Each structure stands twice: as structure tokens, then as C-alpha cells.
Protein chains: 2
Amino acid sequence: MRKGELTHQTILETAVRLASRVGLQGLSIGGLAEELGLSKSGLFAHFKSKTELQVQVLEAASVVFTERVVRPALGKARGEPRVRALFDGWLTWDRDALLEGGCIFVAAAAELDDAPGPARDTLVQGQRDWLDCLAQAARIAVAEGHFREALDVEQFAHDQYSVMLGFHHAKRLMRDPQAEARARRAFDALVTAARTPTS
Amino acid sequence: MRKGELTHQTILETAVRLASRVGLQGLSIGGLAEELGLSKSGLFAHFKSKTELQVQVLEAASVVFTERVVRPALGKARGEPRVRALFDGWLTWDRDALLEGGCIFVAAAAELDDAPGPARDTLVQGQRDWLDCLAQAARIAVAEGHFREALDVEQFAHDQYSVMLGFHHAKRLMRDPQAEARARRAFDALVTAARTPTS
DNA sequence: GCACGAAAAGCACGACCGTTCTATGAAGAG
DNA sequence: CTCTTCATAGAACGGTCGTGCTTTTCGTGC
């Protein structure tokens with residue numbers, strides 16, 4: 001691998017971690033360069049613009065996310081175990097040391113929801129993929145007979161993500177020590193409701 | 001009322017609207033001044049610092065929130081109707097024209113979750129009040145016999161807020177036209193589960 | 001080992017940031 | 001009407017932002 005590509009990768013790793021703390025807007029070229037011991041212009045040369053940096057940060061974070069959350073879950077048994085593994089994986093991800101500032105996607109979602117542009121597009125696509133992944137896992141659980149036939153899997157994915165967002169809020173903003181217990185209880189209720197036929 | 005206090009109020013109104021779009025960090029003194037046709041220093045004189053401006057923006061938003069969401073719900077019948085009214089009120093709030101950028105508290109939560117200081121403290125206190133309000137409404141619903149005796153009302157408040165966060169995400173970031181329908185379905189499931197005794 | 005190309009540094013720019021100081025205008029009290 | 005107090009404007013500050021341009025350093029294929 002070329003030297004440049006290596007530092008490029010190193011930059012992105014640090015950038016992801018930094019962005020999880022200060023956000024994608026708060027992520028400054030100068031600050032990032034200093035953290036890495038590089039010059040501002042030297043770092044800038046790797047990206048033609050700040051927007052491009054933001055996009056690549058989101059893409060890099062997506063790669064890590066897939067590797068750390070999605071792939072391990074794919075190793076689990078099809079159906080409910082995999083659905084639970086995705087949830088557990090996400091909880092781990094949000095608590096991960098790599099993301100001192102909490103899930104970078106949640107932070108970016110609030111920043112970019114009214115800021116059209118490539119960064120927003122990249123984020124939305126990633127979130128869509130993630131929601132599709134959750135829905136697909138639920139669909140498999142239906143096929144396996146773990147979840148009821150008539151389950152609206154997109155709704156299930158949406159609800160699962162809501163629980164995650166609630167966890168993030170309780171944990172990171174409210175510093176609620178019970179955050180994880182609450183999230184697990186909420187998710188269990190969701191799974192239970194998905195198992196039993198419509199009442 | 002003094003002339004100064006009047007403009008002070010006008011500034012805050014505009015600031016809340018602007019902050020809902022660009023966030024509390026993105027809210028700049030200069031930009032806000034221009035939007036109001038004031039000079040930067042003239043506006044600044046009303047607040048000793050930007051932090052103080054942020055705090056007052058959050059407080060002003062809380063006042064409006066209480067007036068528009070909480071108070072109307074207090075006019076509803078005790079118990080489940082009031083719980084539902086709080087939820088409906090929040091959906092209206094999030095869609096309100098006053099907040100073109102979506103709920104300012106959700107945006108601020110992501111920005112401030114790792115930024116200790118007066119602004120964060122103010123936000124956390126406001127969110128705590130809101131969650132307490134939701135829990136109290138649920139508690140009354142238990143007392144009225146609408147919800148089951150053993151219901152964990154704090155958990156219910158937490159779950160209700162999670163649904164709201166999920167709605168915000170689906171609506172504002174994903175631009176999902178079904179966002180509101182999904183949120184209502186999720187909330188209905190929550191209420192149904194709260195009604196029936198533990199299964 | 002040398003030459004060439006890539007990578008990083010250095011420097012400068014215009015713009016905007018929050019903040020301070022000073023001057024000027026208008027509002028209100030007597 | 002006058003005098004004082006308060007509200008706003010104007011100009012400037014040091015700093016940081018993203019972004020170019022030029023130069024130097026360094027990795028690498030021949």
C-alpha cells in the first residue's frame with residue numbers, strides 16, 4: 001500500500017473518533033491535523049474539501065459498523081437469535097471506546113437533517129441500509145416461525161431503532177445508569193409482541 | 001414593558017426558530033443579528049456571552065413547549081386521555097411551523113451530550129421535567145385504573161420518548177412519509193401493553 | 001543511486017467567529 | 001425642556017475557519 005493511502009486511513013480513523021465527540025460540523029481540519037501531528041494543508045490535500053472529508057468519515061464509520069455489528073450477527077442462527085444479536089451489537093457499538101462521543105450516526109442525524117448535500121445523502125443511505133438490515137433479520141425470523149406471520153417487519157425495524165435512539169438519549173444526555181436496562185426491557189417487549197399472534 | 005425587554009423577547013423568538021434549523025452551536029451572533037436587522041454588538045449586549053444566549057434560547061423554548069404541549073394536555077381528562085394528549089401534542093410540536101428544523105431539544109440533545117456547561121445543564125433539566133411529566137401522566141392513568149397496577153411508569157415515559165425520537169428520525173432525516181403512522185402505531189402498542197395486565 | 005512523482009509542510013488569503021470598547025441615539029424622569 | 005439612563009451602532013481585536021499556492025521532503029520504481 002502506498003504511504004499516502006495509509007495515512008489517509010489513519011486520518012479517517014481519528015476523524016471518526018473525533019467526530020463522534022464534536023460532530024461532523026465541529027470536526028475542523030486544523031483540529032484534526034493537530035491531533036494527528038500533521039499540518040493543516042498536508043491533511044487537507046487528502047480531501048479536496050471539508051464536505052468530502054465528512055462523506056469519507058461517514059463511509060469509514062459505516063465500514064467499521066458493518067464489521068463490528070452486522071457481520072458478527074450474521075454468524076448467529078437465523079431468526080430471533082440474529083435479531084437479538086443485532087440489538088446487542090448495537091448496544092456494544094454505542095458504548096464502544098472507539099466512539100467516546102456516542103454513536104456518530106445519531107449525532108450526524110441531528111446535524112444533517114436540515115442540511116442538504118453529499119454528507120446528508122451518504123448518511124441517509126447508510127441509515128436506510130441499516131434499517132433494511134434490521135427489517136430483513138425480522139423477515140427471516142418470521143420465515144423461521146419465531147415471529148408471527150402477520151408481523152410488519154418494517155414497523156418492527158422502525159421500533160427497534162426507536163429503542164436504540166431512546167437508549168442513546170438516556171445514556172449520553174441524561175447519563176441515566178439504568179439506560180441499558182431500560183433499553184433491554186423495551187426491546188424484550190418488542191420481541192415478545194412480535195412472537196405472539198395479534199391479540 | 002421596557003423597550004429593551006421587548007427586543008430581548010423578539011430576539012429569543014427568532015433565535016429559537018433559527019436554532020431549530022442550524023443548532024445551538026450553529027446559531028451565530030452575527031447571523032442572528034442580520035436576520036433581525038440589528039447590529040452584532042447591539043444584539044450581543046442583551047446577553048453577556050454566547051453561552052448565556054444558548055441557555056436563554058433553551059429556556060424560551062421550554063416556556064413555549066409547556067404552553068403548547070403540556071398545558072393543553074392538562075385540560076384533558078385524567079388518565080389515558082391525557083397521556084394520549086401529551087403524545088399528540090408532541091407530534092404537533094415537532095411538525096410546528098415555529099420549528100422549521102424540527103424539535104430544538106432533539107437537535108440540542110445530540111449537540112450537547114458531550115459538551116458540559118450551563119447550556120447542557122439547562123437542557124438536561126428541561127428533559128428531566130418533560131420525562132417526569134410523562135411519567136406523572138402515566139401514574140395518574142394507573143390511579144384511574146386505565147393502566148395496570150404494576151406498570152413501571154418511568155419505563156413507560158422512557159418508551160414513549162423513544163417513540164418520539166424514532167418519529168423525529170424517520171420524519172426529519174429519512175423524510176419517511178409514513179413516519180407519523182409508524183409513530184402512532186408504536187405508541188398505540190405501548191398503551192395497549194400498559195393497559196393489559198402483565199402477560 | 002538517481003530521478004521522478006507523491007506526500008507533506010509552509011504560508012497567506014478572505015471570511016466569520018465571539019467579544020470588547022467607545023460613541024451616539026432614543027426613551028423616560030423630574 | 002433637561003438630564004440621565006438605557007438601547008443600539010460602529011469599529012476593532014485576536015482567533016479560527018476552509019481553502020488555495022508554492023516549496024520542500026520523502027518514498028519508490030528503474
Side-chain angles (χ1 to χ4, degrees), chain A residues 1-16 18-19 21-60 107-108 111-112 114-120 122, chain B residues 1-16 18-19 21-60 107-108 111-112 114-120 122:
Chain A
M1 189 194 297
R2 281 205 142 7
K3 166 98 189 303
E5 298 183 31
L6 192 118
T7 47
H8 194 103
Q9 212 60 30
T10 308
I11 291 172
L12 283 179
E13 278 175 34
T14 304
V16 168
L18 197 55
R21 264 188 286 149
V22 298
L24 279 178
Q25 314 274 11
L27 182 70
S28 76
I29 312 266
L32 182 54
E34 194 178 9
E35 183 116 343
L36 283 155
L38 292 183
S39 73
K40 204 165 58 147
S41 54
L43 189 149
F44 183 81
H46 285 269
F47 316 88
K48 306 159 319 199
S49 68
K50 173 157 190 194
T51 301
E52 179 62 20
L53 169 64
Q54 293 174 330
V55 168
Q56 292 196 26
V57 163
L58 286 172
E59 287 173 345
E111 286 187 286
L112 298 177
D114 271 305
R120 185 185 197 283
T122 304
Chain B
M1 189 193 297
R2 282 206 145 359
K3 167 107 188 303
E5 299 184 31
L6 193 117
T7 47
H8 194 104
Q9 213 60 30
T10 308
I11 291 172
L12 283 179
E13 277 174 35
T14 304
V16 168
L18 198 55
R21 265 187 287 148
V22 297
L24 279 177
Q25 314 273 10
L27 182 71
S28 77
I29 312 268
L32 182 55
E34 193 177 9
E35 182 115 345
L36 283 153
L38 293 183
S39 72
K40 203 162 62 143
S41 56
L43 188 150
F44 184 84
H46 285 269
F47 317 87
K48 307 159 318 202
S49 67
K50 172 158 188 191
T51 300
E52 178 63 20
L53 168 65
Q54 292 174 330
V55 168
Q56 292 196 27
V57 164
L58 285 172
E59 287 172 346
E111 285 186 288
L112 298 177
D114 273 304
R120 186 185 195 284
T122 304

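By convention in this document, chain letters (A, B, ...) are assigned in the order of the sequence lines, proteins followed by strands, and residues within each chain are numbered from 1. Just so we're clear, the structure is a prediction, and the values are computed from it rather than from any experiment.
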Exam field: side chain [X] to backbone [Y], donor-acceptor pair closer than 3.5 Å:
X: B:S39; Y: B:G42; result: yes
X: A:S28; Y: A:G31; result: yes
X: A:E111; Y: A:L24; result: yes
X: A:K50; Y: A:F44; result: no
X: A:K48; Y: A:L53; result: no

Rounding to a whole Å, what distance do you find between [X]:[atom1] and [N]:[atom2]?
X: A:L24; N: D:dC17; atom1: CG; atom2: C1'; result: 16 Å
X: B:I29; N: C:dT19; atom1: CD1; atom2: P; result: 6 Å
X: A:Q54; N: D:dG18; atom1: CD; atom2: C1'; result: 11 Å
X: B:F44; N: C:dT19; atom1: CZ; atom2: C1'; result: 5 Å
X: A:L6; N: D:dT28; atom1: CG; atom2: C1'; result: 15 Å
X: B:F47; N: D:dT8; atom1: CZ; atom2: C1'; result: 14 Å
X: A:Q25; N: C:dC17; atom1: CD; atom2: C1'; result: 15 Å

Q. Which dot-bracket notation, 5' to 3', represents the base pairing of DNA chain C when pairs are defined as Watson-Crick or G-U with both distances under 3.5 Å, crossing pairs as [ ], and inter-strand pairs as |?
A. |||.||||||||||||||||||||.|||||
(Q) So for atom CD, which belongs to B:E34, do other residues, nucleotides or ligands contribute more than 12 heavy atoms lying within a distance under 6.0 Å? (A)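 No, the 6.0 Å shell around CD holds no more than 12 heavy atoms from other groups.
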Q: Assign B:L32 to base, sugar-phosphate, or nothing according to its heavy-atom contacts below 4.0 angstrom with the strands shown.
A: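 Since no nucleic acid heavy atom lies under 4.0 Å of B:L32, the category is nothing.
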[X] to [Y] - nearest heavy-atom pair and separation:
X: A:L58; Y: A:L112; result: CD1-CD1, 4.3 Å
X: A:R120; Y: A:A115; result: CB-O, 3.4 Å
X: A:V16; Y: A:V57; result: CG2-O, 3.7 Å

Could you list all N or O pairs between the protein and nucleotides 6-9 of chain C that sit under 3.5 Å apart?
residue, atom, partner, partner atom, Å
C:dA8, OP1, A:T7, OG1, 3.1
C:dA8, OP2, A:T7, OG1, 3.4
C:dA8, OP2, A:H46, NE2, 2.4
C:dA9, OP2, A:S39, N, 2.6
C:dA9, OP2, A:S39, OG, 2.9
C:dA9, O5', A:S39, OG, 3.4
C:dA9, N7, A:S41, OG, 3.2

